[in-house]
Q: 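Here's a structure for you.
This one's a predicted model, so the numbers in the text were calculated from it and none came from an experiment. Numbered from 1 within each chain, the chains take letters A, B, ... in sequence-line order.
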Number of protein chains: 2
Amino acid sequence: METPKIKNTDNLPPFAAGARVRYNKNQKMTKQRTETKMELLANCLEKRGLKSTKQRHYIADTFFRSNTHISLEELHKKVKRKSPRAGYATVYRTMKLLTECGLAIERQFGDGQTRFENVPEDGHHDHLICLKCSEIVEFQNETIEQLQDKTATELGFNVVRHKLELYGYCKNCK
Amino acid sequence: METPKIKNTDNLPPFAAGARVRYNKNQKMTKQRTETKMELLANCLEKRGLKSTKQRHYIADTFFRSNTHISLEELHKKVKRKSPRAGYATVYRTMKLLTECGLAIERQFGDGQTRFENVPEDGHHDHLICLKCSEIVEFQNETIEQLQDKTATELGFNVVRHKLELYGYCKNCK
DNA sequence: TTGCTAAATGATATCGACTTTCAATTTCAT
DNA sequence: ATGAAATTGAAAGTCGATATCATTTAGCAA
């Protein structure tokens, strides 16, 4: 084997997962609730004429409670702990649905697996990723956002969304 | 089929490929040469005790001349025009080599295909991607970079590299 | 509650983009 | 030129994502 393949959390690349810590512009920690999201999901299902099932409910709840950038495989594993017959395909379809409803964000950190992130209730954030210990810190910086808009405008663009990832070493690893 | 799969340039997602235009901070266009890179490659091969082959030479040259964010499939197609027996695996291995040598950058724009970008000779740049016509504009903004470093430092990080992508609509599509 | 019908589920098959394997070929130091 | 070592191309293998399909379920109507 030339290059080992990454398959699970035990052998993650240095930038894919890790505990989540959030900071706003002033470095205050923030928290997320999970109740409201289940309500949003219920609304979204109703709006589309979709059915409310045990599986969807449990998968969504498990995802909303997850604090990492979770992959389908990891989520499936968690879901099966309480619901052993739950299929991978259902987890896949539910996460696709959550993404369409705006309740999850798909991310690619370059390890070949799509990872899902909870939508923050306090707005957009970007990522700082430690290349050694895998810590992922989320941050917000309004000034950077404004500069991005300004730059884009100068080039004739209207920016709809963006992605900013900073890779480096955290204070414990530098 | 539930979701059509993207396979080639004719059916790209609105953000994957497109002609490349580069702007520096003052919106002046810049150009790239290709000679120096072949020399760098030769050095890199020698340093590693690797052999200089027709295939590597031709694949690298084709890539260096490509002006888009090219996928392996697209590059293989181009290479086969002049070298019909060239295999996909060789293109794959050569691009892996170029990436390791720092002469190519792997990128994921979310369409499931890895795309390769030429290393700019005038430093790091970021991307503006039109969601409608697929135009990809590259830009540089030193102020944003400085702010990123500042933010990271405040959170105890040393930034090694970063990725900034702005998705929106260009002046022709807004 | 019961029956019905469309939607959802889960097991499995398929797809597609890599990635590896291996026998044949080529490079290059001697 | 020669032989060891690297490279190549074809084909097979891998793995995550996605589709298929028979069975099960949700939710409305009687």
Q: Mind listing the residues from residues 46-56 of chain A sitting with a heavy atom below 4.0 Å of DNA chain C? Number order is fine.
A: A/Leu50, A/Lys51, A/Thr53, A/Gln55, A/Arg56

Q: Using 4.0 Å as the upper bound for N to carboxylate O, is an ion pair formed by A/Lys96 and A/Glu106?
A: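 No, this pair does not count.
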
Q: Against B/Ile59, only a single residue in B/Leu97, B/Leu98, B/Leu75 fulfils side-chain contact (heavy atoms from CB on, under 4.5 Å); can you say which?
A: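 Passing option: B/Leu75.
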
Q: Is a side-chain donor or acceptor of B/Thr90 paired with a backbone partner of B/Ala86 at a separation under 3.5 angstrom?
A: no

Q: Keeping B/Thr99 on the side-chain end and B/Met95 on the backbone end, is there a donor-acceptor pair under 3.5 Å?
A: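 It does hold such a pair.
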
Q: Provide, to the nearest angstrom, the distance between the OH atom belonging to A/Tyr88 and the P atom belonging to D/dA19.
A: 13 Å

Q: Please state how far atom CG in A/Leu97 lies from atom C1' in C/dT9, giving the value in whole angstrom units.
A: 14 Å

Q: So, is A/Thr114 close to the D/dA17 phosphate, meaning a side-chain N or O under 4.0 Å from OP1 or OP2?
A: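 Yes, A/Thr114 has a side-chain N/O under 4.0 Å of OP1/OP2 on D/dA17.
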
Q: Between D/dG16 atom P and A/His76 atom NE2, what is the distance in whole Å?
A: 13 Å

Q: Any idea which of D/dT20, D/dA19, D/dG16 is nearest the A/Arg93 side chain?
A: D/dT20

Q: Once you round it to whole Å, what is the distance between P of C/dT19 and CD of B/Glu100?
A: 12 Å

Q: Given B/Glu74, which of B/Arg115, B/Arg81, B/Lys80 fulfils the salt bridge (charged side-chain N to carboxylate O under 4.0 Å, His left out) condition?
A: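 Testing B/Glu74 for a salt bridge (charged side-chain N to carboxylate O under 4.0 Å, His left out) against B/Arg115, B/Arg81, B/Lys80 leaves exactly one candidate, B/Arg115.
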
Q: Within this structure, what is the CG-to-P distance between A/Leu45 and D/dA26, rounded to whole angstrom?
A: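 Rounded to the whole Å, the gap is 13 Å.
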
Q: Given D/dA17, D/dA10, C/dT9, identify the nucleotide with an atom nearest to the side chain of B/Ala89.
A: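 When the side chain of B/Ala89 is considered, D/dA10 is the closest of D/dA17, D/dA10, C/dT9.
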
Q: Does a side-chain N or O from B/Tyr92 land closer than 4.0 Å to OP1 or OP2 of C/dC18, or not?
A: no

Q: Rounded to the nearest Å, what distance is computed from the NZ atom of residue A/Lys96 to the C1' atom of nucleotide D/dT18?
A: 7 Å

Q: Roughly how many Å is it from CD in A/Glu74 to C1' in D/dA17, rounded to a whole number?
A: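 Going from A/Glu74 (CD) to D/dA17 (C1'), I get 16 Å.
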
Q: Taking B/Lys78 for the side chain and B/Phe63 for the main chain, is one N or O donor matched with an acceptor at less than 3.5 Å?
A: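 Not at all, since once roles are kept as given, no pair shorter than 3.5 Å links the two residues.
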
Q: Can you check the A/Arg115 CZ to D/dG16 P distance for me, whole Å?
A: 11 Å

Q: Counting side-chain heavy atoms from CB outward, which of C/dT9, D/dG16, C/dC18 is closest to A/Thr90?
A: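 Ranking C/dT9, D/dG16, C/dC18 by closest atom to the A/Thr90 side chain puts C/dT9 first.
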
Q: For a quick test of reading the model, state the closest non-hydrogen atom pair linking A/Lys51 to A/Arg56 and the distance between them.
A: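 Result for this residue pair: O-NH1, 2.7 Å.
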
Q: Taking only the side-chain heavy atoms of B/Glu73 (C-beta and beyond), determine which of C/dA17, D/dA10, C/dG10 contains the nearest atom.
A: C/dA17

